[in-house]
Amino acid sequence: MKPGHLDLDFCLQSGQVFRWRKIGSGWVGVEGDHAFHIRQPDATRLEVETSASREQVESFFRLDWDADEVAGRILEKGPELSPYFGELRGLRVMRPSNPVETFFCFLCTANNNLSRIGPMCWKLGSYGEEIGEIEGILLHKFPSVSGIAQIPEAELREAGFGYRGATIPHAAMQVLERGANWIQSLIEMPYAEAHAALVEVKGIGPKLADCICLFALDKSEAVPLDTHIWQAFTRLYHPEWKGKAVTASRYREATQTFRERFGDVAGWAHQYLFYENLLNWRSR
DNA sequence: CGGTAG
DNA sequence: ACCGG
């Protein structure tokens, strides 16, 4: 397999997918219905142990997109982002295949930090069907929406979910009211329509809706605007809003600016900005 | 603080 | 204001 430019650590550690564990130099996790053990012996090779097909692996890492070409296109349209692209060659926007998993994992991310999000997503995953064991790690498919809806609030609170112990099963109930297949049905909608439908769910605001659009629904123009992206936006494009709070209307304005500038690679531009900020923050 | 609701 | 660091 020729991964083009793909950095496993960047892809699996950059807040896009959460149920992956680093084991030595490799990674163990679940994608869709399949367990994976992946190693990257050098920059140009990928060793993948899985029952998933090659097509599924390539889709997950979005190898149908040329990362260098995308980065080039972003820098052409927005040279002001070049400081953020320094060391991030091989960072890709992933395409996880189970939108239900992405939906609920991102529900864990609001008002939270990465060190807690992983264990929380892992806990949700433990309610799904067991599909294997790699390096002593038990792997589960992600549970169904009704499986999530049935989890007692107390179990999640005990596991450190805080108020999300209530909001996550409640969000699952809301999804069920819309039909068991509602999340999947959003894939067929245009970005704006899917985003509008998602924020109707209590617990999903504009930022989470954009995460779900970008990673679960393959809407590459979605720009999840968190506090770091907001700061970058005010610094680069709108200094008079520096220090101001992100209102709903400023959220629309800022994300629309990225979309007008970067079009269908706006989501990739966001991912580089986001991960660069995350690395800077980690190194402090 | 990788937000959202009231 | 909200769980928990």
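These figures come from a predicted structure and were not determined experimentally. Just so it is clear: chains get the letters A, B, ... in the order the sequence lines come, proteins before strands, and each one is counted from 1.
Across all strands, A:Tyr275 comes closer than 4.0 Å to no nucleic acid atom at all (heavy-atom distances). Heavy atoms of A:Pro206 sit under 4.0 angstrom from primed sugar atoms or phosphate atoms, though from no base atom. Backbone-only engagement by A:Gly203 is indicated by non-hydrogen atom pairs under 4.0 Å involving sugar-phosphate atoms exclusively. Using a 4.0 Å heavy-atom cutoff across all strands shown, A:Val201 reaches sugar-phosphate atoms only and no base atom. Residue contacts for A:Arg164: at a heavy-atom cut-off of 4.0 Å it reaches a base atom on one of the strands shown.
Cluster partners of A:Val199, using a side-chain heavy-atom cutoff of under 4.5 Å among ILVMFWY residues and allowing indirect links: none.
Regarding A:Asn280, its CG atom lies at a distance of 16 Å from the C1' atom of B:dC1, rounded to whole Å. Remark: P of B:dT4 and CG of A:Leu198 are 11 Å apart, rounded to the nearest angstrom. Whole-Å rounding puts the A:His170 NE2 to C:dC2 P distance at 19 Å. Between the CD1 atom of A:Ile229 and the C1' atom of B:dC1 there is a distance of 15 Å, given to the nearest Å. A:Leu278 places its CG atom 8 Å from the C1' atom of B:dG2, with the value rounded to the nearest Å. Here C:dG4 presents its C1' atom at 12 Å from CZ of A:Arg157, a figure rounded to the nearest Å. When the P atom of B:dG3 is taken as reference, atom CD of A:Gln231 falls 11 Å away, rounded to whole Å. We find that CG of A:Leu279 is positioned 13 Å from P of B:dG2, with the value rounded to whole Å.
Ring pair A:His238/A:Trp241 is parallel by interplanar angle, where below 30° counts as parallel and above 60° as perpendicular.
Helical stems in DNA chain C, defined as runs of 3 or more consecutive Watson-Crick or G-U wobble pairs with both donor-acceptor distances under 3.5 Å, are not found.
When each of A:Val201, A:Leu186, A:Val145 is tested with A:Arg178 by the rule side-chain contact (heavy atoms from CB on, under 4.5 Å), just one qualifies, namely A:Val201. Between A:His270 and the choices A:Leu214, A:Thr255, A:Val93, the side-chain contact (heavy atoms from CB on, under 4.5 Å) rule is met once, by A:Leu214.
Nearest-nucleotide positions on DNA chain B for A:Val199 and A:His228 put A:His228 closer to the 5' end.
Using a 4.0 Å cut-off between a side-chain N of Lys or Arg and a carboxylate O of Asp or Glu, A:Glu101 and A:Lys141 do not qualify as a salt bridge. Between A:Asp66 and A:Arg73, none of the side-chain N atoms (NZ, or NE/NH1/NH2) sits under 4.0 Å from a carboxylate O, so this pair counts as no salt bridge. Ionic pairing of A:Asp210 and A:Lys219 is not present here: no N-O contact between side-chain nitrogen and carboxylate oxygen is shorter than 4.0 angstrom. Ion pair A:Asp7/A:Arg89 not flagged as a salt bridge, since none of the NZ, NE, NH1 or NH2 atoms sits closer than 4.0 Å to an Asp/Glu carboxylate oxygen.
The neighbour count for A:Glu87 CD, taken as heavy atoms of other residues, nucleotides or ligands under 6.0 Å away, does not exceed 12. The neighbour count for A:Lys202 NZ, taken as heavy atoms of other residues, nucleotides or ligands under 6.0 Å away, does not exceed 12.
Taking every side-chain heavy atom of A:Leu208 into account, B:dG3 is the closest of B:dG3, C:dC3, B:dG2. Nearest to the side-chain atoms of A:Tyr163 among the listed nucleotides C:dC3, B:dG2, B:dT4 stands C:dC3.
Listed by residue number, the members of residues 97-122 of chain A with any heavy atom below 4.0 angstrom from DNA chain C are A:Asn111, A:Asn113, A:Arg116.
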